[in-house]
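I have placed the structure first, in the form of C-alpha cells, so that the comments after it can refer back to it.
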Amino acid sequence: MARTIGVVMAERVVAGLLEDHKLTGELRQYPTDLGSTDGLIELPSDELCKIICDQVLAVATPEIAAEVGAVGIALPGIVRNGVIEDSPNLPQLKGARICDQIATTLRAGGLQAGVAVFNDADAVAAGLAATHGQLDRLIRVWTIGNGIGFGRYPYAEGPWEGGHTTVTLDPKENYCACGGRGHLEGIMGHRAMRLRFLDLEPEEVFATAASGDKRCGEFVSLWHRALAAATATAIHLEGPGKFYFTGRDIGRLDLTRLKEYMWQMVKMSPLQNYSLEMLPENPTIGLIGAGAAAEQALKC
C-alpha cells in the first residue's frame with residue numbers, strides 16, 4: 001500500500017507519515033509550543049499554506065517522497081472541491097483555492113503526490129471509522145475546541161456545519177464567530193466563552209461552577225443543554241447511532257449530564273437507540289482520517 005501524509009490544521013498544524021492507516025515516525029507540529037492555541041489566527045492565508053507545505057516536505061524526505069501516494073489535509077470550515085468556501089475561525093482562508101496552491105508548492109519542492117482537502121471534523125470521523133474497524137458504519141463526532149466541529153463518516157454532500165446549529169432563540173446569544181445568533185458554537189466554543197466571560201477564562205468558568213457559583217453553574221448547564229439539543233437535532237434528522245465527543249477541550253464535558261438532557265429531548269422510541277462516547281484528544285486520529293479520505297478521493 002502506498003504511503004500517505006495526513007495534515008490537520010486547527011489550533012496548530014500537525015503532520016505525519018501514514019502507512020496502512022497507522023502513523024509511522026514522529027509528528028511534525030507548528031507552532032512547537034504546545035501551550036499556544038491561537039498562533040495561526042493572525043497569519044495570512046499564503047503563510048498558512050507555506051507552513052503546511054513546510055511540514056509536509058519535512059515528513060516526505062527525498063528518500064521516501066516517491067513512495068507517497070497522497071496528501072490529505074484537514075481544515076476547519078466549509079470545504080468543497082479544494083476551496084475553503086468559509087471558515088469563521090480562520091477567516092483569512094475564506095475563498096482560498098488551497099488545494100491547488102498547496103499541490104503546486106509541493107510539486108516545486110519535489111513531492112508529486114496528489115492532494116485532497118477536507119473538513120477537519122470529517123477527518124476525525126473518518127479516522128475513528130478507520131481505527132475502530134467501522135468503515136461500514138455511520139460515524140458522527142463532535143469536536144470541542146476553539147470552535148465546535150461536527151464530523152460525519154461516510155462523507156455525504158452538504159456543508160454539515162453542526163457547530164452552527166441554532167440551539168436557542170435568545171437574541172442576546174450572538175457570540176458565534178460567524179456572526180449568527182443562537183448557534184451552538186456561540187455557547188460552547190472557547191473563543192465565544194472568552195467573549196461572554198470577560199472576567200474569567202473558560203477553564204475558570206467550569207472550575208468556578210464546580211465550587212458552587214450560580215452564574216457559572218447556570219452557564220455550564222446551558223453549555224451541556226446546547227450540545228444535547230444539537231445532538232438531538234441530528235438524531236431527529238438522520239436517525240440514531242453512535243456519537244463520539246472529542247477535541248482539545250473534551251475535559252469540560254460531563255457525559256452523565258449530557259445523557260440526562262438527551263433523555264429529556266429524544267422521546268420517540270425508534271430514535272432512542274443511540275449511544276454517546278467520550279474520547280481523549282488524539283491528533284493522530286485526524287491525521288489518519290485525512291490520509292484515508294485522501295486515498296479514497298484520489299483512488300490510491
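This chain uses plain numbering: 1 for the first residue, then up along the sequence. In this text the structure is predicted, and so the values were computed from the model without any measurement.
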Drop me the distance from F245's CZ to T231's OG1, to the nearest 0.5 angstrom. 4.0 Å
Measure the acute angle between the ring planes of F219 and F206, then classify it against the limits of 30° and 60° as parallel, tilted or perpendicular. perpendicular
Between M193 and W223, is any pair of side-chain heavy atoms under 4.5 Å apart? yes
Roughly how far, to the nearest 0.5 Å, is the SG atom of C53 from the CG atom of L111? 9.5 Å
If you compare all heavy atoms of A290 against all heavy atoms of I73, which two are closest, and at what distance to 0.1 Å? CB-N, 4.3 Å
CD on E11 to CZ on R248, rounded to 0.5 Å: 4.0 Å
Applied to residues 201-217, the side-chain hydrogen bond (donor to acceptor under 3.5 Å, both in side chains) test, sequence neighbours excluded, yields R194-E201, D199-R215
For K94, check salt bridge (charged side-chain N to carboxylate O under 4.0 Å, His left out) against everything at least two apart and list the hits. D86
Can you establish whether the number of heavy atoms outside R257 located under 6.0 Å from its atom CZ is more than 12? yes
Quick check, are the ring centers of Y153 and H132 under 6.0 angstrom apart? no
CD1 of I52 to OH of Y30, rounded to nearest 0.5 Å, is 12.0 Å
Which is it for I235 and F243 under the side-chain contact (heavy atoms from CB on, under 4.5 Å) test, yes or no, and what are the steps along the way? CA-CA 10 Å; I235 290 172; F243 287 84; 3.5 Å; yes
N/O donor-acceptor pair under 3.5 Å between Q101 side chain and D46 backbone: no
Which atom names give the shortest non-hydrogen contact between I139 and L128, and what distance separates them? CG2-CB, 4.4 Å
Might you point out which heavy atoms bring L75 and V79 nearest each other, and give the distance in Å? O-CG2, 4.2 Å
Are side-chain heavy atoms of L27 and L287 found at a separation under 4.5 Å? yes
Can you find a heavy atom in the side chain of R140 that is under 4.5 Å from one in the side chain of K242? no
Same hydrophobic cluster for M188 and F197, using side-chain heavy-atom links shorter than 4.5 Å among ILVMFWY? yes
Pair K50 + D54: basic N to acidic O under 4.0 Å: yes
Just wondering, more than 12 heavy atoms not from D136 lying within 6.0 Å of its CG? yes
Determine whether L279 and I288 fall in the same hydrophobic cluster, where Ile, Leu, Val, Met, Phe, Trp and Tyr are linked whenever their side-chain heavy atoms lie under 4.5 Å apart. no
Closest non-hydrogen atom pair, H21 against E295: NE2-OE1, 3.5 Å
How are the rings of W142 and F150 set relative to one another: parallel (under 30°), tilted (30 to 60°) or perpendicular (over 60°)? tilted
Just checking L169: does its CG atom have more than 12 heavy atoms from other residues, nucleotides or ligands closer to it than 6.0 angstrom? no
Using a 4.5 Å cut-off on heavy atoms from C-beta on, say whether the side chain of C178 contacts that of E161. no
Expected output: side-chain T143 to main-chain A121 donor-acceptor under 3.5 Å: no
Backbone N/O of P154 and side chain of R152: donor-acceptor pair under 3.5 Å: yes
Can you tell me which residue pairs pass the side-chain hydrogen bond (donor to acceptor under 3.5 Å, both in side chains) test with a partner in residues 166-180, sequence neighbours excluded? E173-R196
Closest non-hydrogen atoms of A15 and V7, given as atom of the first, atom of the second and distance, are CB-CG2, 4.0 Å
Counting only N and O atoms by type, is there a donor-acceptor contact under 3.5 Å from the side chain of R3 to the main-chain atoms of A65? no
Answer yes or no: is there a side-chain heavy-atom contact under 4.5 Å between M9 and I51? no
Should L195 and V220 be regarded as members of a common hydrophobic cluster, given that ILVMFWY residues are connected when their side-chain heavy atoms come within less than 4.5 Å of each other, either directly or indirectly? no
Side-chain contact test, heavy atoms from C-beta onward, threshold under 4.5 Å: evaluate it for M265 versus H236 and give yes or no. no
Grab the two heavy atoms, one from I84 and one from L93, that are nearest each other, plus how far apart they are. CB-O, 3.3 Å
Can you find a heavy atom in the side chain of V266 that is under 4.5 Å from one in the side chain of P240? no
Quick check for you: to the nearest 0.5 Å, what is the distance between H190 atom NE2 and I144 atom CD1? 13.5 Å
Report yes or no: does Q92 contribute a side-chain atom to a donor-acceptor pair with the main-chain N or O of I41 at less than 3.5 Å? yes
Kindly work out whether a path of hydrophobic side-chain contacts (I/L/V/M/F/W/Y, heavy atoms less than 4.5 Å apart) joins V59 to V71. yes
For T4 and A70, indicate whether the former's side chain and the latter's backbone hold a donor-acceptor pair under 3.5 Å. no
In terms of side-chain geometry, is the basic nitrogen of E157 or R80 positioned less than 4.0 Å from the acidic oxygen of its partner? yes
Would you kindly confirm whether W263 and L258 end up in one hydrophobic cluster when ILVMFWY residues are joined by side chain heavy atoms under 4.5 Å apart? no
Say whether, by atom type as modelled, one donor and one acceptor occur between the side chain of E185 and the main chain of I148 under 3.5 angstrom. yes
For the backbone of G77 and the side chain of N119, can you confirm whether one donor and one acceptor N or O come within less than 3.5 Å of each other? yes
Starting at CZ of R28, measure out to CD1 of I5 and round the result to the nearest 0.5 Å. 11.5 Å
Side-chain heavy atoms of L18 within contact of T24, under 4.5 Å: no
